[in-house]
Amino acid sequence: MLSLALRTSRTALNAYRSRGIHAPASLNAVTETDLAHFASILAPSSVISSLAPVNSPTDELDPFNQDWMGRFKGNANTVLKPKTVQEVSQIVKWCNERRIGIVPQGGNTGLVGGSVPIGNELVLSLANMNKVRSFDPVAGILVADAGCILQALTDYVAPLDHVMPLDLGAKGSCQIGGNVATNAGGLRLLRYGSLHGSVLGLEVVLPDGTILDQLTTLRKDNTGYDLKQLFIGAEGTLGIITAVSILTPPAPQATSNVILALPHFDNVLPLFQTVKRDLSEILSAFEFLDRTAYDLAVKHGQGKALDESEVEGAQCFVLVETSGGRREHDEEKLNDLLEKLLEADEPLINTGVVSQNPSQFESIWGLREGVTEAISKEGKAYKYDISVPVATFKDCVDATRDHLESKGLMRPDAVKYVVGYGHCGDGNLHLNVCAAAYTQEIADALEPFIYELVQKHRGSVSAEHGIGAMKTHALHYSKDAVSIGLMKQIKGIFDPNGIMNPGKVLE
Ligand code: FAD
Ligand code: 2HG
Ligand code: ZN
């Protein structure tokens, strides 16, 4: 399990203020009058506030005010942790009438500064709404409170022979409501598709406090506009998700994985083609790590390293997972593939190590899932989760490194590493720039450089982490003016007073 402890740093850049982002002046801070109202509707354990008469110490508020990377920092004086949808509704109604900004917060593992205030907005944590409401074992439909932790739901459906349709490195802390609000991708998207397909229904508290009950468990429902889709990926700007109905696939009867070392990046695409063709229906993940990502994961004890002699000269690595219905059949397919790859006249791979048991399976995944954690141990990461053609992954990483080099920033006290890894099967590169500290000089060197690179490749500035507070100024690189105009109109219809997660997604 990853340790998701918040890291504080005195040198942490308040990334909003550096770009002049402030909560709108039309919004108010929580006052003692507001607090008295909240205290009248919530249990005492659901209220944390630095205001009288609660007077919580600031270290109780700190974890809600700072993001996972230690990059974005808010100044909320009050955190509320309601237990029911009615409580959420009453809080939101009050905030709308009093023009108090609200930041919905799940596990606070988001990587774009969306989950913490940009000023003194109220934080509404879903952590106390953490019950499974129902599970239909025939249809595989799970209905759960938004605050259920992804790992807890995975553990809940496992003995019932099902899996969650998504999996990510933050599963021990992130919540299903946060996953839906960010339209999280993760490690299983190649197999099960995006949450726009898996989520069947939502219960949402709208910015005026109205409860929108669309918690349907229907596979098919063609009755007009599919409103729930608007909240998937809205990052809490249109309402607060309080429950999710989600389709869980049957658990595969057999899973296996292999880590492949490649002599050249150019082999990745032909390898992907071969793997897709030969494994066909049992292929469930095709993940990429460049050499730096692999070395950092190994250095920080994430997963089990391959023998040094085997990885000598490897320029990058690919993790292939299979999930299927019959172990013998799947193993035979995987072994045949490996044999073919290794015995080719011009082999695409140097070596491949197949997991032999569940612990090796986890170790191989650890190498890939642990990269984010490893980078966080090295320094402060500037994270870009871009969609670009797979063929350009290496060019994007190299171009960024060269650009930083040309600015004299590739040095141990500035930028230490430029790292590329990600969901190759989905065309999603995680371009991480690992620095000794967050500085304005590095930020200015990276942007708009990276966004222009993405635009050149007709990609997206966010493949899966979202826009949050980090990329509001970059939305136009991936969305045209007509689309942004419509997004603003939709925001205005749902949230005319602009109380819901102000300063996020839209400027
Ligand atoms: P938070 O971080 O609390 O919030 C994220 C956003 O959603 C915020 O804008 C917040 O306001 C909003 N929100 C949260 N809950 C609600 C709600 N109930 N209603 C309305 N809005 C809400 N992401 C991926 O897509 N794929 C990955 O593979 C992946 N791997 C990760 C690995 C690590 C180690 C870490 C630290 C992060 C990773 N992430 C990944 C990013 C992050 O985990 C996801 O974005 C996740 O879905 C966020 O869930 P959360 O509950 O932590 O939400
Ligand atoms: C992953 O795929 C996550 O590991 C995190 O999306 C990526 O930290 C990152 O940049
Ligand atoms: Zn990812």
Side-chain angles (χ1 to χ4, degrees), residues 1-4 6 64 67-69 72 82 85 88 92 102-117 121 123-127 129 145-150 166-189 194-195 202-205 207 231-244 285 287-289 293 297 302 365 368-376 381-386 419-424 426 428-434 462-470 500-505:
M1 180 89 40
L2 285 161
S3 143
L4 294 175
L6 289 164
F64 299 91
D67 77 321
W68 190 86
M69 299 176 289
F72 297 89
V85 61
V88 176
V92 174
I102 303 176
V103 180
Q105 192 176 93
N108 198 11
T109 66
L111 298 174
V112 289
S115 52
V116 291
E121 304 91 287
V123 172
L124 192 149
S125 162
L126 279 296
M129 292 187 65
D145 285 348
C148 289
I149 289 181
L150 179 59
L166 77 163
D167 184 25
L168 45 147
K171 55 183 157 261
S173 300
C174 64
Q175 300 175 1
I176 192 67
N179 298 148
V180 173
T182 55
N183 185 26
L187 307 163
R188 290 186 182 151
L189 191 134
S194 98
L195 289 173
L202 293 177
E203 178 187 84
V204 180
V205 173
F231 301 96
I232 304 174
E235 301 179 56
T237 58
L238 298 180
I240 300 180
I241 299 167
T242 48
V244 175
E287 295 282 318
F288 167 77
L289 298 93
Q302 307 288 331
W365 263 120
R368 166 62 187 85
E369 281 187 279
V371 179
T372 295
E373 183 78 359
I375 291 171
S376 75
Y382 292 86
K383 292 183 176 291
Y384 297 92
D385 72 304
I386 58 182
V419 187
Y421 59 108
H423 315 287
C424 193
D426 314 321
N428 171 192
L429 172 67
H430 290 307
L431 174 58
N432 277 215
V433 174
C434 177
S462 175
E464 58 177 15
H465 297 161
I467 298 298
M470 177 186 160
M500 205 51 77
N501 218 357
K504 314 293 168 57
V505 182

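Any value given below was found using the heavy atoms of this structure, including those in side chains, with hydrogens, waters and symmetry copies removed. Counting starts at 1 for both ligands and their atoms, in listed order. Owing to the predicted nature of the structure, the values given are computational and were not obtained by experimental measurement.
For the ligand labelled ligand 1, residue Gly185 lies inside the 4.0 Å heavy-atom shell. Glu373 does not count as a contact of ligand 1, since none of its heavy atoms falls under 4.0 Å from the ligand.
When the heavy-atom distances from atom 18 (N) of ligand 1 to Val88, Val205, Ile241 are ranked, the shortest goes to Ile241.
For ligand 1, the atoms closer than 4.0 angstrom to any heavy atom of Gly186 are 26 (N), 27 (C), 28 (O). For ligand 1 and Gly239, the ligand atoms under 4.0 Å from any heavy atom of the residue are 20 (C). Interface atoms of ligand 1 facing Asn179, defined by a heavy-atom separation under 4.0 Å, are 46 (C), 47 (O), 49 (O). Set against the non-hydrogen atoms of Gly236, the atoms of ligand 1 under 4.0 Å away are 20 (C), 21 (N). Counting atoms of ligand 1 from 1 in the listed order, those under 4.0 Å from a heavy atom of Leu126 are 18 (N). Taking every non-hydrogen atom of Ala184 and a distance limit under 4.0 Å, the qualifying atoms of ligand 1 come out as 25 (O), 47 (O). Ligand-side atoms of ligand 1 in range of Thr182: 5 (C), 6 (C), 7 (O), 45 (O), 46 (C), 47 (O), range being under 4.0 angstrom from any heavy atom. Against a heavy-atom cut-off of under 4.0 Å, Asn501 is close to the following atoms of ligand 1: 9 (O), 11 (O).
Each of Gln302, Met69, Lys383 was compared with Thr372 under the side chain to side chain contact (heavy atoms under 4.5 Å, CB included) criterion, and only Lys383 meets it.
Using a 4.0 Å cut-off between heavy atoms, Thr372 contacts ligand 1 through its side chain alone, with no backbone atom that close. Under 4.0 Å from ligand 1, not a single heavy atom of Val180 appears. If you look at His423 next to ligand 1, the close heavy atoms, those under 4.0 Å, all belong to the side chain. Contacts with ligand 1 closer than 4.0 Å are made by no heavy atom of Lys504, backbone or side chain.
Between His430 and Tyr421, the angle of the ring planes lies from 30° to 60°, which puts this pair in the tilted group.
Thr242 and Glu203 are linked by a side-chain donor-acceptor pair at a separation below 3.5 angstrom, with hydrogens and angles left out of the test. Asn501 and Thr237 share no donor-acceptor pair across their side chains, judged by distance under 3.5 Å alone.
Among the backbone and side-chain atoms of Asp385, no N/O/S atom is found under 2.8 Å from the Zn ion (ligand 3). At least one N, O or S atom of His423 sits under 2.8 Å from the Zn ion (ligand 3).
Taking the Zn ion (ligand 3) as reference, the nearest N/O/S atom within Glu464 carries the name OE2.
Using a 4.0 Å cut-off between charged side-chain N and carboxylate O, Glu235 and Lys504 make no salt bridge.
Heavy atoms only, all atoms of each residue included: Val116 and Phe64 are closest at CG1-O, 3.4 Å.
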Met470 and Tyr382: side-chain contact (heavy atoms from CB on, under 4.5 Å), yes or no, with the steps? CA-CA 10 Å; Met470 177 186 160; Tyr382 292 86; over 6 Å; no
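Ordered by chain and residue number, the residues placing a heavy atom less than 4.0 Å from ligand 2 are Leu111, Arg368, Thr372, Lys383, Tyr421, His423, His430, Asn432, Glu464, His465.
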